[in-house]
Engineer: 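Sharing a structure here in structure tokens format.
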Amino acid sequence: MKIVCLIKFVPDVEEFKYDYQRHVLIRENLKQILNPDDACAVACALMIKRSNPETVIEVVTMAPVSVSGHLEDLLRLNIDQAILISDIRFSGSDTFATTRVLARYLKQTTFDVILTGTHSLDGSTAQVPSQLAEVLGLPQMSNVVALDTSSFLKGKPSFDVEHDTSIMTFSVDLPAILSVSRDSAYKLPYVAYQDLNRDVSSRIRVLSHQELDLQPQETGLEGSRTEVRRSFVKNMIKKDKVILNNDREGIEAVYCYLHEHGFVP
Amino acid sequence: MNRCLILMDGNRPETDLELLEVTRRIHGESQIYTMGLELEPKDEKPSGAFDAIVNFECGSVPPYDAAGIAMGAAALHEMYGFDTILVPATFFGRMVAPRLAMRLGVGLVADVTGIEHVGMQLEMIRPAYGGKLMAGIVKKGPGPLMMSIRENAFPATSGTIKQTRRIVFPFDHQPSRMTFIGAREKPQATDIRDSEILISGGGGILENFSRLDDLKEVLHAQVSASRRLVDSGVASRKIQVGQSGKTVSPRLYIALGIDGSVQHMEGLRHVEHLIAVNTNREAPICSLADVVVVGDAVEFIDRLVKRIQLQELSGG
Ligand SMILES: Cc1cc2nc3c(=O)[nH]c(=O)nc-3n(C[C@H](O)[C@H](O)[C@H](O)COP(=O)(O)OP(=O)(O)OC[C@H]3O[C@@H](n4cnc5c(N)ncnc54)[C@H](O)[C@@H]3O)c2cc1C
Ligand SMILES: Nc1ncnc2c1ncn2[C@@H]1O[C@H](COP(=O)(O)O)[C@@H](O)[C@H]1O
């Protein structure tokens, strides 16, 4: 059994601070973190490996070489190998171009299942997994919150998916792409103390456009079908407002306001 | 004539109208031919919103069969050559749109909340970085313009009533490799997006979140929350308003102890009346409110509930 996990490192947007005076984002000292949905996908793979130790887990990411340290942290967690797809030519890729690059690698490797996250924190399009599924001709499902290990090991996993108002259960014939949500209960374990400084660097394979045989026009800005023209902070429209105290008079005014607009009799 | 394909939402007819509104924002009022792709054929007479409604000859295609739907829609495109293809950014729509875009070899902009014409170019506006930034995105290369549209982001204006044609399109889909086994309701599955009145709590009412129910009862409303309360485990993610939660358009939104981060405000699309109760009158949400009540949220609930009950008692 081989599981490929597609992972992505994203800026920790929780740390983005907004300056209301100057209407700008403060982006200094942003650190990169493993996208939360993807962390759940990796944790889900580790759970399967605990029931079936022969399972091989490979994490695949397209990212700058600077994420190597993060990959090494993952490799200290019972993950077998990491593929780092890295090339300056790939920078600026939209989901279309990213899908092309990832698909090129995935077509030349073997796997039983691909686990991904559902959303990324930065672009948050949730497009890459479905686009890949189309290119690879695989079934795919987003928002997976639980995966049944025993049916998985038999080659036809059943799994739960969280939808707005319901939990749906599906099963699928492998190979398939299953995209895990951070609303699942899967959590990455901590690195065991004795592994903290283990040298795992030899288990990272770096691939560039040469190994993947990709032409310049297929990747990066040139290979993209969309382009971010500008980004801005949303303007909030100011309204004329009434300011009231939280007292008898204030509450009476609120009551009248609700009455005037038909919310109370 | 601009030909537009819209993937219809079988559950929420307003979504179809919102997507029709987007076609008008893109192409202007007159030069549009709109076709709705309906996955579950309905017997009832179409409402006259579309020029045509298409069903697949094979009958229903289940909404989770994204691969099948994308294949059928691509065949439809081959026949009609659409200029614009719009898909609702719903759970299933989000899995269909990327597949269709890949089949057609075109770019796809996700979760669009605005359309702007900048010079000769069309910018699709969407939130990024968790809603902290908005991004204006343009299409590159040939092929139809494609995007998924966030629900509730484009309130429908009424378009011309049309003589809707029904078209049966010859398409036979292969059985999906995905099998639907069953569904169970999540407990308390009332959808805050359908609520006219929302009583919403934030960090300022963390310890007294259950008290929102008092106001909810007398106003026949629903309760929602900011991300802060969801992250602290006080409220469920289903009722989270905001960029990573839901976009809501209630007529009345009462914000109790909510600071009003950009992400939270991203979820408030077309609120007619906003009342903010906050100890700090400088909180960002107050700059957007119609009415600001400066003070403690729990006291506010107590007083307002009493006032409304008083009126009910006197038969008002
Ligand atoms: C990627 C990303 C996505 C996000 N998505 C969302 C989202 O979808 N929705 C969302 O809401 N947030 C979202 N956030 C989080 C957001 O940035 C804030 O962290 C969060 O909204 C803060 O919640 P709050 O305003 O309720 O609480 P706080 O920031 O703690 O504010 C509490 C407010 O209550 C007031 N107050 C205190 N005591 C009282 C009292 N007794 N009575 C009345 N008022 C009182 C305070 O003055 C203050 O204004 C997101 C963040 C990121 C990074
Ligand atoms: N550059 C990338 N490298 C590897 N996986 C990715 C990459 N971009 C996206 N993914 C996968 O696709 C999921 C959705 O990302 P997105 O489409 O960007 O919202 C992520 O959670 C990852 O599993």
Side-chain angles (χ1 to χ4, degrees), chain A residues 13 16 18 20 25 94-96 99 121-127 130-131 133-135 139-143 158 163-173 176 183 224-234 236 238-239 241-246 250-252 254-255 257 261 263-265, chain B residues 66-67 70 91 94-95 98-99 102-103 106-110 123 128-130 132-141 176-186 189 191 197 219 237 252 262 265 273 275 281 284 287-296 299-300 303-304 307-308 311 316:
Chain A
V13 275
F16 265 29
Y18 184 63
Y20 279 97
L25 284 171
D94 70 348
T95 62
F96 185 89
T99 298
L121 267 191
D122 52 356
S124 194
T125 64
Q127 286 177 182
S130 308
Q131 285 177 325
E134 188 62 29
V135 177
Q140 182 266 341
M141 186 63 78
S142 297
N143 265 19
S158 63
H163 183 260
D164 259 5
T165 51
S166 60
I167 304 278
M168 293 179 289
T169 307
F170 290 91
S171 73
V172 69
D173 296 315
D183 288 333
S224 295
R225 295 283 191 273
T226 59
E227 188 183 322
V228 179
R229 200 33 75 79
R230 64 187 171 119
S231 63
F232 56 97
V233 176
K234 208 165 121 193
M236 305 279 183
K238 298 230 171 196
K239 293 184 184 174
K241 58 168 183 253
V242 189
I243 298 183
L244 302 166
N245 288 325
N246 198 2
I251 294 296
E252 190 58 34
V254 170
Y255 181 84
Y257 183 88
H261 296 100
F263 296 112
V264 292
Chain B
F91 178 68
R94 282 198 172 107
M95 289 187 275
R99 284 183 179 267
M102 250 14 227
R103 275 198 168 259
V106 300
L108 175 63
V109 181
E123 262 188 19
Y129 290 99
K132 300 216 173 185
L133 274 184
M134 302 302 289
I137 300 184
V138 296
K139 167 185 187 286
K140 281 174 61 181
S176 168
R177 277 151 68 194
M178 194 77 74
T179 316
F180 176 64
I181 296 178
R184 51 183 196 277
E185 284 293 300
K186 288 194 284 189
D191 196 329
I197 305 179
L219 283 172
R237 193 172 289 283
L252 173 64
V262 210
M265 304 317 277
H273 306 280
I275 300 180
R281 69 161 72 199
S287 66
L288 288 166
D290 300 286
V291 178
V292 175
V293 179
V294 183
D296 178 67
E299 274 174 37
F300 172 84
R303 291 192 173 120
L304 186 61
R307 178 64 187 87
I308 294 170
Q311 194 69 19

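Labels below follow one simple rule: chain letters A, B, ... track the order of the sequence lines, proteins then strands, and each chain is numbered from 1. Heavy atoms only: backbone and side chains are in, while hydrogens, waters and symmetry mates are out.
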Engineer: B:V293 pairs by side chain to side chain contact (heavy atoms under 4.5 Å, CB included) with which of A:V242, A:N246, A:N245?
Structural biologist: A:N246
Engineer: Please identify each residue that fulfils side-chain contact (heavy atoms from CB on, under 4.5 Å) with B:I181, with sequence neighbours left out.
Structural biologist: A:S158, A:T169, A:S171
Engineer: Quick one: do A:T95 and B:L108 satisfy side chain to side chain contact (heavy atoms under 4.5 Å, CB included)? Show the steps, please.
Structural biologist: CA-CA 8 Å; A:T95 62; B:L108 175 63; 5.5 Å; no
Engineer: Count the heavy-atom pairs under 4.5 Å between each of B:G107, B:A110, B:G136 and chain A, then report the option with the highest count.
Structural biologist: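 Among the listed options, the one with the most contacts to chain A is B:G136.
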Engineer: For B:I275, which atoms come within 4.5 Å of any heavy atom of chain A: side chain, backbone, both, or neither?
Structural biologist: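 B:I275 touches chain A through side-chain heavy atoms alone.
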Engineer: Where do A:Y257 and A:H261 come nearest, in terms of heavy atoms and distance?
Structural biologist: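 So the minimum-distance heavy-atom pair works out to O-ND1, 2.9 Å.
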Engineer: Highest number of heavy-atom pairs under 4.5 Å with chain A: which of B:A183, B:A135, B:G182?
Structural biologist: B:G182
Engineer: Do you know which of B:V294, B:V138, B:I137 has the most heavy-atom pairs with chain A at a distance under 4.5 angstrom?
Structural biologist: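 The residue among B:V294, B:V138, B:I137 with the greatest pair count is B:V138.
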Engineer: Is it the backbone or the side chain of A:F263 that comes under 4.5 Å from a heavy atom of chain B, or both, or neither?
Structural biologist: both
Engineer: Start with the C-alpha gap between A:F96 and B:K140, add the side-chain angles, then the distance that decides, and say whether side chain to side chain contact (heavy atoms under 4.5 Å, CB included) holds.
Structural biologist: CA-CA 11 Å; A:F96 185 89; B:K140 281 174 61 181; over 6 Å; no
Engineer: Look only at the side chain of A:R225 and the backbone of B:G141, and say whether a donor-acceptor pair between them is shorter than 3.5 Å.
Structural biologist: no
Engineer: Quick one: closest heavy-atom pair of A:Q127 and B:V109, and the distance?
Structural biologist: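 Minimum heavy-atom contact is OE1-C, 3.9 Å.
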Engineer: Relative to chain B, which of A:D173, A:I251, A:N143 shows the most heavy atom pairs under 4.5 Å?
Structural biologist: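 Highest number of heavy-atom pairs under 4.5 Å: A:I251.
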Engineer: Tell me which of these, A:S142, A:G123, A:G250, has more heavy-atom pairs under 4.5 Å with chain B than the rest.
Structural biologist: A:S142
Engineer: What residue in A:A133, A:A126, A:S224, A:S130 has the most heavy-atom pairs under 4.5 Å with chain B?
Structural biologist: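 Of the candidates given, the most pairs with chain B belong to A:S130.
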Engineer: Which bit of B:L252 comes within less than 4.5 Å of chain A, counting heavy atoms only: side chain, backbone, both or neither?
Structural biologist: both
Engineer: Heavy-atom distances under 4.5 Å only: say whether B:L304 touches chain A with side chain, backbone, both or neither.
Structural biologist: both
Engineer: Heavy-atom pairs under 4.5 Å with chain A - which of B:R103, B:R94, B:R281 has more of them than the others?
Structural biologist: B:R103
Engineer: Does any backbone or side-chain atom of B:E299 lie under 4.5 Å from a heavy atom of chain A? Answer side chain, backbone, both or neither.
Structural biologist: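 The answer is both parts of B:E299.
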Engineer: With a 4.5 angstrom heavy-atom cut-off, which part of B:R99 approaches chain A: side chain, backbone, both or neither?
Structural biologist: both
Engineer: Below 4.5 Å, heavy atoms only, C-beta onward: do B:L288 and B:M265 meet side chain to side chain?
Structural biologist: yes
Engineer: Would you say the side-chain atoms of B:S176 pair up with the backbone N or O of B:M178, donor to acceptor, closer than 3.5 Å?
Structural biologist: yes
Engineer: Heavy-atom distances under 4.5 Å only: say whether B:V106 touches chain A with side chain, backbone, both or neither.
Structural biologist: backbone
Engineer: Is there a side chain to side chain contact (heavy atoms under 4.5 Å, CB included) between A:M141 and A:V172 once you walk through the steps?
Structural biologist: CA-CA 9 Å; A:M141 186 63 78; A:V172 69; over 6 Å; no
Engineer: Let me know if A:V264 has heavy atoms under 4.5 Å from chain B in its side chain, its backbone, both or neither.
Structural biologist: side chain
